[in-house]
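These notes concern the structure reproduced below.
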Amino acid sequence: MLFNQNLDELIKARRSIRMFTTEMPVKQDIEAIVHAGTLAPFAGLANTGRDGRKFFIVSRNNPLLIQLSNVVKNRASIIAEQLKFQMNSNPLLQTQGQGFLKRLEMTAQKGPLGIGSAPYYIVVAEKRGIPDVQHQSIAYCMENMWLKATSLGLGFHLVSITTQMEQDNEFCNLLNIPIGEYRLDGCAIGYPAQNPPQPDRATVEEVSTWYF
Ligand SMILES: Cc1cc2nc3c(=O)[nH]c(=O)nc-3n(C[C@H](O)[C@H](O)[C@H](O)COP(=O)(O)O)c2cc1C
């Protein structure tokens, strides 16, 4: 019963934290978060076992962080140009793509949020397989890490531009992984410098259709 209540509180407490203090989380906490990630489910048919999922933990103190940030910045600029080109000939994309385009342009100008603005940037890589379900798999891993970070009093946000770096030669070289062989996603972790208000969530009644 106590376990159930704690879990409910933890799930409710999980938020996207996008502003961090300068304090560095201790290595043991980051290890515990990565450990939670290793416990997340994976697709048995597609996963290649122990070698299947990798974690690249880059601290703000390592020069690699600024290198990764610059590479992501350049990639964001390229994707923004490609998206603008596609939007010109696709009216649906023109309306629906505006938000993403704005985010890409901001990233291309100011650098990616979470890579440098947080004490830690973590890239999770999962070896591609058949079926191609590694992004789903990484999402479960991220959720485990997110909940663990929350339980330790740490802030977390997704850095999903990382998914766009799978085919980027420089990014993969910097992490020493073969280009195109891994699905990627990323997150930022540090001590929260904000306490965002509770968002308006739908009630169970509003979103459920029951078939008794
Ligand atoms: C697939 C996916 C990608 C996301 N990408 C980002 C991201 O790149 N940066 C970010 O700050 N938040 C990202 N988010 C977080 C959402 O914006 C956030 O979860 C949502 O606004 C609800 O807020 P909460 O996490 O505080 O509950 C992403 C969420 C999902 C599900």
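Remember, it's 1-based here, ligands and their atoms both numbered in the order they're listed.
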### Message
Judged on heavy-atom distance to atom 8 (O) of ligand 1, which of Pro196, Ser160, Cys187 sits nearest?
### Response
Ser160

### Query
Does even one non-hydrogen atom of Arg201 get within less than 4.0 Å of ligand 1?
yes

### Query
Do Ser69 and Tyr121 have a side chain donor and acceptor closer than 3.5 Å?
no

### Message
According to a hydrophobic-cluster definition based on side-chain heavy atoms being under 4.5 Å apart (Ile, Leu, Val, Met, Phe, Trp, Tyr only), do Ile33 and Trp146 belong together?
### Response
yes

### Message
Looking at Phe42, I'd like to know if its CZ atom is crowded, meaning that more than 12 non-hydrogen atoms belonging to other residues, nucleotides or ligands lie closer than 6.0 Å.
### Response
no

#### Entry: Protein heavy atom at shortest distance from atom 15 (C) of ligand 1
Ser16 OG, 3.6 Å

### Message
Under 3.5 Å between any N/O of Leu158 and any N/O of ligand 1: does that happen in this structure?
### Response
yes

### Message
Tell me whether atom 10 (C) of ligand 1 lies less than 4.0 Å from at least one protein heavy-atom position.
### Response
yes

### Query
Can you tell which of His157, Met142, Arg14, Arg18 gets a heavy atom nearest to atom 12 (N) of ligand 1?
Arg18

### Message
Can you tell whether the side chains of Asp132 and Arg183 come within less than 4.0 Å, N to carboxylate O?
### Response
yes

### Message
For residues Phe156 and Phe20: do they belong to one hydrophobic cluster (side chain heavy atoms under 4.5 Å, members Ile, Leu, Val, Met, Phe, Trp, Tyr)?
### Response
no

### Query
So, is Arg15 polar-close to ligand 1, with some N/O to N/O distance under 3.5 Å?
yes

### Glu81/Lys84 ion pair, N-O < 4.0 Å
yes

### Task
Classify the contact between Phe156 and ligand 1 as side chain, backbone, both or neither, using a heavy-atom distance cut-off of under 4.0 Å.
neither

### Query
Distance below 4.0 Å between atom 6 (C) of ligand 1 and any protein heavy atom?
yes

#### Entry: 4.0 Å protein heavy-atom contact status of atom 1 (C) of ligand 1, strictly under
no

### Query
Only one of Lys54, Gln134, Arg53 forms a side chain to side chain donor-acceptor pair (under 3.5 Å) with Glu126, so which one is it?
Arg53

